[in-house]
Structure formats: structure tokens, C-alpha cells
Trainee: 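To start, I am sharing the structure in question, which I have written as C-alpha cells.
The analysis underlying the following values was restricted to heavy atoms, covering all of them including side chains, and did not include hydrogens, waters or symmetry mates. The chains referred to below are lettered A, B, ... by the order of the sequence lines, with proteins before strands, and numbering in each begins at 1.
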Amino acid sequence: MNKDLVIVESPAKARTVGRFLGSKYEVVASMGHVRDLANTGPGGLGIEIIEEEDGLLSFNPTYTAIIDPRTKKVDSRKKKIVADIRKSANSANTVYLATDADREGEAISWHLLSAAKIDVSKIKRVVFHEITKPAIEDAFANTREIDLNLVDAYQARRMIDKIIGYKGSSVLWKKVKSKISAGRVQSVALKLVVNLEEKIQNFKKVEFWNIEANFRKSKLDEKKGSFYAKLYAIEGYSQKPLVPDESNANEIEKDIKNSEYEVDKIKIEEKIRKPAPPFITSTLQQDASRTLKFSPAQTMNIAQQLYQGLKLGTEGEVGLITYMRTDSTNVSSIFLKETSEYILKNYGDKFLPKTPRKYSKKVKGAQEAHEAIRPTSVFRDPASVKPYLDTDQFKLYDLIWKRMVASQMENTILDSTTVEIVTNSSTSGKKYIFQVIGSVTKFKGFRTLYIEGTDDDDLTVNNDDALPVLTEGEVLKCIEITSEQKFTEPPRRYTEASLIRDLEKAGIGRPSTYATIVKTIQDRGYAVKDKGRFTPTKLGNVVTNFLNQHFNKNIMDVKFTAKIEKQLDDIVEGNTGYNPVLSALYSPFQQALKNAEEADGVKNLFFEQTEIVCQLCERYMLKRDGRNGQFLACSGFPDCRNTMQLAEDGKTAIPKTPPKETDHKCDKCNKTMVIKEGRRGEFLACSGFPKCKNAKPLTLLDSV
DNA sequence: CAGTGAGCGAGCTTCCGCTTGACTT
């Protein structure tokens, strides 16, 4: 009996789906895309662009098998996968295309048809949004056709990225430096780094002073009667900062030294903290970066291990978490039920909300093909799997498990007390107001399990400081007043994780690419990490400036991706094909390219131009970095290959002195010997250098 | 004491997005 064939994208998913479907089905994985644009044709685009009679352009892509960038040949592993799929499809009655439920997934199914030459009459498209038995059964009961509008939206996206990326990179080679690149995603990522650095460099720090008083209740027998409050306002004075310098601080200290302090107002408020939604790729990367100090790449690596499965004692290989490349916070209803049970059993009904929490706030451009990142079973709590995981695997699993369970727990309730203490100076008559906020946890709720790591630019303090019991009108003793110099701080530089956070906010990049984006800007030499934070390099600045000048409406527009996504949605809705969308974009981009190519400077935007003139062709010399430090090279390179040594002042050239001829013949090759200058003075060298390496001391001349 | 010098930059670059191992140290 022939088995029906089911094709998914990932092998781990194939295994799980296979288990649910049983032996009547063969489930295989495509391992992602199986075809891509060819690197043939003008500019290596793999796209033929034809002007139609109506003036519109038509874009005809050529797709080929995936090429391995190392060997430049067809990827042999992919080749085998496609061949195997072809074989299985041939013998199957029905081929279920079960690639991911998003734009790229639809495209993979579409590519599979031609790559594996699958008989169209055999195919059915199925989509799962979660890998649970009911979801899979439901999906098989509701098959459909391949959505060609979705495929066209993919084709538009693919061609836009290639046209912009390849043509944009080519301009950079001509104008700035070889081997570098531009792209819809990477160039904006770099721009964010460059913009932030500019802000930091232009930041003017402002001095201010904090004045703090240590108060105590008048009755000395009270325990814990001492607390600190900060000067918060001076009535009638609204200047910012409140205390600008030291003399001002001293003045205030003096002014209130001997005054009376009274509790003026007490405000008690109940504050609610809600748990964060379960992880998606970007939030997992951020939290793992903040709390575990994992890089996004490291996080994805470890998550992949947890996803693919680890041996758990008698259980055998088990996938511990759901898919780790996701932009959705959705959680299957089965798992929610499991989680409620777990919370009820282990924490009690106080910790369980009446109805399960729904997290539906969508990320910009989200495709929601998968669930949130969660444990596959809530009953495998961190302690129970610890013996089978290595340290890092455990840390990450622990984080994922806790975040998930916490997201379904009751709110944390805090009692926040704001106290204002007032004094009227008897010398100046000014009224000073001190303030302190005490916060006490009333009900710990989800924070029993998990507290989200705070962002680097977020200054929330988690104080659980109880204040002594105070009453309005109560007189306090002031034990000490201290003042401290402070300065406003510039924004902090990006970490890999916080850069990804800002890219995601703008809808730029996808869960599968976040980690590679931050790698690309480093690989290209655009940015370097110092203590884990990005600083743009000179090259990064030059490239960004150049691209900003010419491509502000497309490559360098932070909103460009979002605008494109809108048009892709139009294609999905069937309102337009991809040709009008590409056409509208192409002409202005071509114009921008032309302007950029005609702009001043011949590949010297990056290498510093000098006043020194080339003795051979009279063009200017450029300062370049070689293996052994800086040297001068003709700007006419490679037409003119003249080089000179840079003098120690870094500005002038060391003039080339032609070697002095002598009558002496080389005793090895019979060519004339010449006098050359070496590090240790003049010496006799064969003029046949570097072929003949013969060299003699100068004293040889005298002895003849 | 023995050994110095020239050359260095330069190539088929590059995009984004979907997936994992296969090499080896």
C-alpha cells in the first residue's frame, strides 16, 4: 500500500507530525527553501526586466536549485532532499504540502511543485498553526489549493530584496570599497547604530545635585524608624534641574539645616503588575541577553537543541520546547488547560486567574505561523529535566518554562506609599518638599516564578522597602542631609539584543534572520562590539552617509519595509500583481542609483586623500591600510600601481631614491650590483632582486 | 653577529529568508 506524503519544513516537526498521523503517512522535511533566484543575467539578478508597450515594466524571475556559497555549486544536501521528495511523491496517492502557514511557507510549497516535479493533481495544501493532534486533524479536514497571491507577494519581496541589495552593493564597490554590501535590512540596522552614536557624541551632559535627608520618627523607641527621602520640589521654583550645582546645594543645605520637618501628605495606592506574554524569538533573545548574558546567536543555538529533542532518561528523545523562530504569542488551548492544572496543583487557586490570559498584541508585520515559544509539556518542570540538560540548556529551558507559566498566573499586587515631607526655612522662608516612595508586595502572584529582566535604558527600581508607619502632620527628626553630584547620562549603545528589539519594532527582519543581521554588520566591518555594545566604524559611517545622501526614500528609510509590507498585503488580497508594485519602485530607484554613481569621488570616500601627487601619473595618492600598516597608493589603482612610503608625520611621502649603480657584478647571476638603503644603512644588493637575493656588505667595494 | 631589499591594495564581491548538520581543530 502506498503511503501518502506529507511535507513540512523542519525534521523535528516531521517527527512530531509523523507520530500524530501514524503509519499511513510518510512525513518528510524540506529543510526550508529548495529554490532561489538564479545569479544569472545582468548584474547577477536572475531577473529579466522588460519594458512593455504600455510603459510598465515586467519582471521575470528565474529560479534554480539552492547554491552552496562555498562551492558555488548546487547544495548537495538540498539536492538529495529534493530527489527523495520526488521519489516519495511519485509513489504517493496524495501529497500534502504542510509547509509553514506564512508567505515563505506558501512559496516553499510552490517551489517544491516544480523542484520535485510533483504531479499537480496529487497535491493538497494544509496548514497548522500549532502542532497538536486536534490542530493537525483539523488541518487535514480543511485542505486547500496553493494560494498564488501569497506566492506572488513572496516573489515581489524576493525580487525587491535582490534588486535593491545587489544594485545597492555594486554602487558601494565603485564609490567606497570593494566587497561591502547594502540591503533593505542590514543598511537600516547600521543606520540605527550610526544615528545612536551621533546622539551619544552630541550629548551634552548636564550637572545636577541630589539632596537626600535621613529622617527618623521622633520617638526613639520605634524600630525601623529611620528612612531616606529625596528633595523633590521647592515651592514656587520650577527650574530644571532643581539643584544645578554645588554652591546651590550648599545653600539649600544651609537653609534647611535647623528647620522643622513634618509629614505633609501620605498617598497609598495599590499597584498591579501584569506578567509578560510568553516568549517570541525577539523577546527570548532579549531576555536571555539581559539575564543570562547569551548572545542572540547562542540563544538560538541552544533553543534549537531544546526543540530538536534530548534524551530524557526512560522517555527517550523528547522535543522540550515548541518552535523557536516565531513572531506569535499564541498558545494552544490544550497547553493552556495543562498550565492551569499545573498552577492550581502547585500554587493554589489564588495564583490562577478566572480565565486564561490571551496575548494578542501583534508585532508589526507578524505572520503568526507558529505558537509562542513554550515548553512542550508544562509538567516537565525545570527541576525534573535538570539531570538531562547541560548548564546552558537548563538555564534557557528554565527561563522559557517560567516565562510561560508566569504568563498564565495572577497579577502581582504592590502597595505603594508616597510620602511627602515638608519644611519651611526659617531663614529664607522657602518651602521645601521631600519625597519617598515605599513599595511593599501585597500578593506576589506571577513574580513568585519570574521577573522580566529590565531593559538597559529602563531605570525602574524594584524596591521592596517598607517605610515606618507614619501619619500626616507627624513631626520628624532630620539626622543628616547629604548632597551628591550627578550628571545626566547619554543613551546607551546598542547590544545585539536591543538592536534587534528596535528593528522588530519597525517590522524589519524576521525571527529566522535576527541573529544574522547583527552578524552581517560586523562581518562587513561596519560596526564593532566593545564590551558587548555596538560602535560604528569609520567604514560604517562613510557607507551610511553615502547611502543616506542617495537612497533616503528606499534603502535608508526606516519605514521602507513597512511600506513594502502594505503593498505585499495588496498582492495577497488579489488587488494587484507584483509587476505594478515592482515597477513603481524600480524607476525611482534606478534614478537614485544613477545619481549615486555620478556623485563625486572615485572610490576615495573611504580611503583618505592626500596632497601628495603620484610621480607616475600625477593623480592624488591615497592613504591605505596594508598588512604592515599604512602606505600611500595611487588613486588611479589598478591602472597605476605606484606606491610610496608614508613618513612618520603621517602626512608626507618618503621620496623614492633610485639605487646607485656600481661596476660590481653579482657572483651568483652576473647582473650588476646596486647600492640600496636598508634598515642598517647602505649595502650592496643584486639588481635582479627579488629573483636573486644576493646581498653583500658595502666594504666589499673597498677591497676590490 | 648576521643581514638588510619589496610589497602591501584587487575582484567576480553583494541581497533576504527558510531550514540544519557536515566538515575539522
Trainee: In whole angstroms, how far is the C1' atom of dA6(B) from the CD atom of Gln645(A)?
Mentor: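 That distance rounds to 9 Å.
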
Trainee: Answer with yes or no after comparing the ring centroid distance for Tyr323(A) and Tyr307(A) against a 6.0 Å cut-off, counting only values under it.
Mentor: yes

Trainee: How close or far is atom C1' of dT14(B) from atom CD1 of Ile555(A), stated in whole angstroms?
Mentor: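 To the nearest whole Å, that distance equals 11 Å.
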
Trainee: Using a heavy-atom cut-off of under 4.0 Å over every strand shown, decide if Arg157(A) touches base, sugar-phosphate, or nothing.
Mentor: base

Trainee: Does dC8(B) have Phe631(A) stacked on its base, where the ring centres are within less than 5.5 Å and the planes differ by under 30°?
Mentor: yes

Trainee: Without decimals, in angstroms, what is the distance between Leu547(A) CG and dC15(B) C1'?
Mentor: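 Whole-Å distance recorded here is 13 Å.
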
Trainee: Which whole number of Å gives the distance between the C1' atom of dG9(B) and that of dT13(B)?
Mentor: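 Looking at atom C1' only, dG9(B) and dT13(B) are 15 Å apart.
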
Trainee: Pick one: which of Lys364(A), Arg103(A), Arg157(A) meets salt bridge (Lys or Arg N to Asp or Glu O under 4.0 Å) with Glu565(A)?
Mentor: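 That would be Arg103(A); it is the only one of Lys364(A), Arg103(A), Arg157(A) passing the salt bridge (Lys or Arg N to Asp or Glu O under 4.0 Å) with Glu565(A).
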
Trainee: Using heavy atoms and a sub-4.0 Å distance, could you list which residues of residues 158-165 of chain A are near DNA chain B? By number, please.
Mentor: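 The stretch gives Arg158(A), Asp161(A), Lys162(A), Gly165(A) as the residues lying under 4.0 Å from the strand, ordered by number.
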
Trainee: Check the distance between dC16(B)'s C1' and Ile521(A)'s CD1 and give it to me in whole angstrom.
Mentor: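 Whole-Å distance recorded here is 16 Å.
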
Trainee: Provide, to the nearest angstrom, the distance between the CG atom belonging to Leu632(A) and the P atom belonging to dG7(B).
Mentor: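 Result: 15 Å.
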
Trainee: Between the base of dT14(B) and the ring of Trp173(A) - centre-to-centre under 5.5 Å, planes within under 30° - is that a stack?
Mentor: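 No; centroid distance or tilt outside limits.
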
Trainee: Within the 4.0 Å limit for protein heavy atoms, which parts of nucleotides 18-25 of chain B are touched? Write it as a string from 5' to 3', B for base, S for sugar-phosphate only, - for none.
Mentor: BBBB----

Trainee: Mind calculating the distance between CH2 (Trp110(A)) and P (dG17(B)) to the nearest angstrom?
Mentor: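 Spelled out: CH2 on Trp110(A) to P on dG17(B) is 18 Å.
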
Trainee: Pairing donors with acceptors under 3.5 angstrom, does anything connect the side chains of Ser181(A) and Gln186(A)?
Mentor: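 Note: Ser181(A) and Gln186(A) side chains meet the donor-acceptor criterion.
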
Trainee: Which whole-number value in Å describes the distance from Ile508(A) CD1 to dC15(B) P?
Mentor: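 Those two atoms, CD1 and P, are 16 Å apart.
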
Trainee: Please verify the inter-ring angle class for Phe589(A) with Phe551(A); under 30° counts as parallel, over 60° as perpendicular, anything in between as tilted.
Mentor: tilted

Trainee: Between Arg325(A) and Thr281(A), does the side chain to side chain donor-acceptor pair (under 3.5 Å) criterion hold? Intermediate values first, please.
Mentor: CA-CA 5 Å; Arg325(A) 291 186 272 265; Thr281(A) 306; over 6 Å; no

Trainee: Heavy atoms only, 4.0 Å cut-off, all strands: where does Ser181(A) land among base, sugar-phosphate and nothing?
Mentor: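 Contact class for Ser181(A): sugar-phosphate only.
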
Trainee: Do the side-chain N and O atoms of Lys162(A) and Asn39(A) include a donor-acceptor pair separated by under 3.5 angstrom?
Mentor: yes

Trainee: Holding to side chain to side chain contact (heavy atoms under 4.5 Å, CB included), I want the full list of residues that pass it with Val34(A), two or more places apart in sequence or in another chain.
Mentor: Ser30(A), Val82(A), His111(A), Leu112(A), Ala115(A)

Trainee: Using heavy-atom distances to pick each residue's nearest nucleotide on DNA chain B, tell me which of Ile517(A) and Ile180(A) is more 5'.
Mentor: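 Comparing both residues, the 5'-ward one is Ile180(A).
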
Trainee: With a 6.0 Å cut-off on the ring centroids, do His33(A) and Tyr154(A) count as close?
Mentor: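 Judged by ring-centre distance (under 6.0 Å), His33(A) and Tyr154(A) do meet the cut-off.
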
Trainee: How would you list, by chain and number, every residue that makes a side chain to side chain contact (heavy atoms under 4.5 Å, CB included) with Asn330(A), sequence neighbours excluded?
Mentor: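 Expected list: Ser328(A), Glu368(A).
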
Trainee: Run Lys87(A) and Asp84(A) through salt bridge (Lys or Arg N to Asp or Glu O under 4.0 Å) and show every step you take.
Mentor: CA-CA 5 Å; Lys87(A) 236 163 96 187; Asp84(A) 289 349; 5.2 Å; no

Trainee: Reckon Ala29(A) touches a base, only the sugar-phosphate, or nothing at all at heavy-atom distances under 4.0 Å?
Mentor: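 The residue Ala29(A) makes no contact with any strand.
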
Trainee: Let me know the distance between NZ of Lys174(A) and C1' of dT13(B), rounded to the nearest Å.
Mentor: 13 Å

Trainee: Can you tell me which stems involve DNA chain B, if a stem is defined as three or more consecutive Watson-Crick or G-U wobble pairs, both distances under 3.5 Å?
Mentor: none

Trainee: Any base atoms under 4.0 Å from Thr643(A), or only sugar-phosphate, or nothing? Heavy atoms, all strands.
Mentor: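 Here Thr643(A) touches the bases of the nucleic acid.
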
Trainee: Which residues pass the side chain to side chain contact (heavy atoms under 4.5 Å, CB included) test with Asp392(A), not counting sequence neighbours?
Mentor: Phe294(A), Gln298(A), Ile302(A), Asp390(A), Lys395(A)

Trainee: Counting only heavy atoms not in Lys623(A) (residues, nucleotides, ligands), do more than 12 fall under 6.0 Å from its NZ?
Mentor: yes

Trainee: How would you label the contact of Gly44(A) with the nucleic acid (heavy atoms, under 4.0 Å): base, sugar-phosphate, or nothing?
Mentor: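 No contact.
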
